[in-house]
Enquirer: 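Shown below is the structure under consideration.
Computed from a prediction, not measured in an experiment: that's the story for all the values here.
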Amino acid sequence: MNALQPLVYPVIHHLDAPTTFSEIQVARTCGADGVFLISHDGADLELVDVARTAIRENAGFPIGLNLLSMGCVQAAMMALEAGSDMLWADDMGVDSQGLTAAGQEMATIARDHPRLQLFASVAFKYRPHEPNPVGAAAHARAAGFIPTTSGDATGHAPDPQKIFAMGEGGALAIASGMTPENVATYAPALTHILVATGVSHTEHHIDPAKLAALIG
């Protein structure tokens with residue numbers, strides 16, 4: 001179980017460069033530990049360019065990417081080239097059965113580039129059913145990844161028993177369902193919180209009061 005307060009990373013849904021730059025500053029002002037950038041419109045190459053500028057202008061503030069249109073290995077290469085601190089992938093080639101070929105490549109990247117933290121979705125919404133979330137998390141950690149889980153849909157909090165079981169083995173991130181009202185229930189089992197819906201007032205804009213309340 002995690003004895004420290006989890007790091008909080010708002011997930012900024014990219015609309016355009018000025019909005020993303022502005023939302024990064026909102027997150028920083030509220031005391032976030034970093035941010036992830038994601039595009040739900042397929043604008044991943046644009047997003048990488050935006051990230052590159054944001055990283056240069058926010059030295060020391062972790063900025064991660066989730067590049068939905070790319071496989072995990074390609075996304076890792078793009079994140080490294082951009083100077084990103086973190087990469088989150090919905091499929092990083094790991095589950096309770098172990099590593100796929102892509103997962104093995106990502107494990108090599110984790111070993112060779114320890115500066116880039118790799119957040120690997122396991123027992124995650126909209127993915128194939130995972131019968132053994134604890135085993136999936138263990139395989140992710142063994143590969144050098146941070147296992148990242150969720151509830152069964154966007155904005156849905158997961159079963160707390162699942163989270164505490166998965167968190168017993170070490171690092172664990174959660175990427176759905178956290179709100180200022182429920183975060184205290186889950187925080188003892190977590191090392192990282194990736195949050196969007198629970199601290200936003202539109203798809204593309206953080207609600208500063210909600211984010212500040214979640215961070216505490």
Side-chain angles (χ1 to χ4, degrees), residues 1-2 4-14 23 27 30 32-40 64-68 72 86-97 103 117-141 145-207 209-216:
M1 186 180 299
N2 172 44
L4 302 175
Q5 184 174 351
L7 300 174
V8 176
Y9 297 142
V11 180
I12 295 171
H13 294 179
H14 177 66
E23 291 301 293
C30 290
D33 297 289
V35 296
F36 274 93
L37 309 181
I38 188 170
S39 170
H40 287 289
L65 288 166
N66 187 338
L67 302 174
L68 294 174
C72 57
M86 305 176 290
L87 176 73
W88 168 27
D90 290 356
D91 182 0
M92 203 167 275
V94 61
D95 60 18
S96 59
Q97 299 300 305
Q117 291 188 300
L118 299 175
F119 288 70
S121 294
V122 294
F124 205 81
K125 60 188 178 183
Y126 313 130
R127 300 290 302 164
H129 173 67
E130 172 54 74
N132 183 3
V134 172
H139 280 300
R141 291 186 199 102
F145 311 153
I146 297 170
T148 304
T149 195
S150 75
D152 58 9
T154 299
H156 289 205
D159 179 353
Q161 289 185 328
K162 166 189 166 182
I163 299 305
F164 276 81
M166 293 179 72
E168 282 290 337
L172 181 67
I174 192 169
S176 81
M178 293 299 95
T179 68
E181 293 74 26
N182 71 10
V183 67
T185 298
Y186 297 88
L190 300 169
T191 53
H192 303 78
I193 294 171
L194 284 54
V195 60
T197 304
V199 296
S200 299
H201 65 83
T202 73
E203 180 182 359
H204 303 289
H205 294 89
I206 294 167
D207 183 320
K210 288 181 180 178
L211 178 55
L214 186 142
I215 292 171

Enquirer: Is the backbone of Gly177 close enough, under 3.5 Å, to the side chain of Asn182 for a donor and an acceptor to pair up by distance?
Expert: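 Indeed, once roles are kept as given, a pair shorter than 3.5 Å links the two residues.
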Enquirer: Identify the two heavy atoms, one from Met166 and one from Ala123, that lie closest to each other, and give their separation to 0.1 Å.
Expert: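 Heavy-atom minimum between the residues: CE-CB, 4.4 Å.
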Enquirer: I need the Glu203 CD to Ile12 CD1 distance, nearest 0.5 Å.
Expert: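 Atom-to-atom, Glu203:CD and Ile12:CD1 are 13.0 Å apart.
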Enquirer: Using atom types as modelled and distance alone, determine if a side-chain donor or acceptor of His14 lies under 3.5 Å from a backbone N or O of Ile38.
Expert: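 A pair under 3.5 Å: no.
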Enquirer: Within the 4.5 Å heavy-atom criterion, are Val199 and Asp207 side-chain neighbours or not?
Expert: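 No, too far: nothing below the 4.5 Å cut-off.
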Enquirer: Calculate, to the nearest 0.5 Å, the distance between atoms CE and CD1 belonging to Met178 and Ile163 respectively.
Expert: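 One gets 7.0 Å once the value is rounded to the nearest 0.5 Å.
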Enquirer: How many angstroms lie between CD in Glu23 and NE2 in His204, if you round to the nearest 0.5 Å?
Expert: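 The CD atom of Glu23 sits 10.0 Å away from the NE2 atom of His204.
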Enquirer: Compare all side-chain heavy atoms of Thr148 with those of Val122 and state whether any distance is below 4.5 angstrom.
Expert: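 Side chain of Thr148 against side chain of Val122, heavy atoms only: no contact under 4.5 Å found.
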Enquirer: Measuring from Asn66:CG to Leu194:CG, what's the distance to the nearest 0.5 Å?
Expert: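 Asn66 CG to Leu194 CG: 9.0 Å, rounded to 0.5 Å.
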Enquirer: Listed by chain and number, what are the salt bridge (charged side-chain N to carboxylate O under 4.0 Å, His left out) partners of Asp91, not counting sequence neighbours?
Expert: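 Residues passing salt bridge (charged side-chain N to carboxylate O under 4.0 Å, His left out) with Asp91: Arg127.
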Enquirer: Any side-chain heavy atom of Asp152 within less than 4.5 Å of one from Pro158?
Expert: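 Counting from C-beta outward, Asp152 and Pro158 never come under 4.5 Å.
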Enquirer: Counting distance only, does the side-chain N/O of Arg141 pair as donor-acceptor with the main-chain N or O of Ala171 below 3.5 Å?
Expert: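 Yes, Arg141 side chain to Ala171 backbone: donor-acceptor pair under 3.5 Å.
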Enquirer: Nearest 0.5 Å, what's the CD-CD1 distance between Gln5 and Ile193?
Expert: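 The CD atom of Gln5 sits 8.0 Å away from the CD1 atom of Ile193.
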Enquirer: State whether the side chain of Ser176 and the backbone N or O of His156 hold a donor-acceptor pair below 3.5 Å, judged by distance alone.
Expert: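 Checking the backbone N and O of His156 against the side chain of Ser176, a donor-acceptor pair under 3.5 Å is found.
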Enquirer: Test side chain to side chain donor-acceptor pair (under 3.5 Å) on Lys162 and Thr149 and set out the steps.
Expert: CA-CA 10 Å; Lys162 166 189 166 182; Thr149 195; 3.1 Å; yes
Enquirer: Are the side chain of Thr197 and the backbone of Val195 linked by a donor-acceptor contact shorter than 3.5 Å?
Expert: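 Judged by distance alone, no pair lies under 3.5 Å.
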Enquirer: Evaluate side chain to side chain contact (heavy atoms under 4.5 Å, CB included) for Ile146 paired with His192, printing each intermediate quantity in order.
Expert: CA-CA 9 Å; Ile146 297 170; His192 303 78; 3.8 Å; yes
Enquirer: Return the minimal non-hydrogen interatomic distance between Ala27 and Pro10, and the atom names on each side.
Expert: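 Closest approach of Ala27 to Pro10, heavy atoms only: CB-CG, 4.0 Å.
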Enquirer: Checking side-chain contact (heavy atoms from CB on, under 4.5 Å) between Pro147 and each of Val134, Leu172, Ile174, Thr191, which is the one that passes?
Expert: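 Single side-chain contact (heavy atoms from CB on, under 4.5 Å) partner of Pro147 among Val134, Leu172, Ile174, Thr191: Leu172.
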Enquirer: Looking at every heavy atom in both Val94 and Ala120, which two are closest together, and how far apart are they?
Expert: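 Heavy atoms of Val94 and Ala120 come nearest at CG1-CB, 3.9 Å.
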Enquirer: For Ile206, is there any backbone N or O sitting under 3.5 Å from a side-chain donor or acceptor partner on Ser200?
Expert: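 No.
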Enquirer: What verdict does the side chain to side chain contact (heavy atoms under 4.5 Å, CB included) test give for Val183 and Val8, after you've listed the backbone C-alpha separation in whole Å, the side-chain angles of each residue and the deciding distance to 0.1 Å?
Expert: CA-CA 11 Å; Val183 67; Val8 176; over 6 Å; no
Enquirer: When you measure from the side chain of Glu130 to the backbone N and O of Ala136, does any donor-acceptor pair fall under 3.5 Å?
Expert: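 Judged by distance alone, no pair lies under 3.5 Å.
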Enquirer: Could you pull out the closest heavy-atom pair between Gly103 and Phe145, with the gap in Å?
Expert: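 Here Gly103 and Phe145 meet closest at O-CZ, 3.7 Å.
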Enquirer: Could you tell me the separation between the CG atom of Leu68 and the NE2 atom of His40, rounded to the nearest 0.5 Å?
Expert: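 It comes to 6.0 Å.
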Enquirer: Using a 4.5 Å cut-off on heavy atoms from C-beta on, say whether the side chain of Tyr9 contacts that of Val35.
Expert: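 A side-chain contact is absent here, since even the closest heavy-atom pair is not under 4.5 Å.
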Enquirer: Does the gap between the ring centers of Phe119 and Phe36 come in under 6.0 Å?
Expert: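 Close enough - the centres of the two rings lie under 6.0 Å apart.
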Enquirer: Hydrogens and angles aside, do Ser121 and Trp88 bring a side-chain donor and acceptor to less than 3.5 Å of each other?
Expert: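 Indeed, the side chains of Ser121 and Trp88 share at least one donor-acceptor pair under 3.5 Å.
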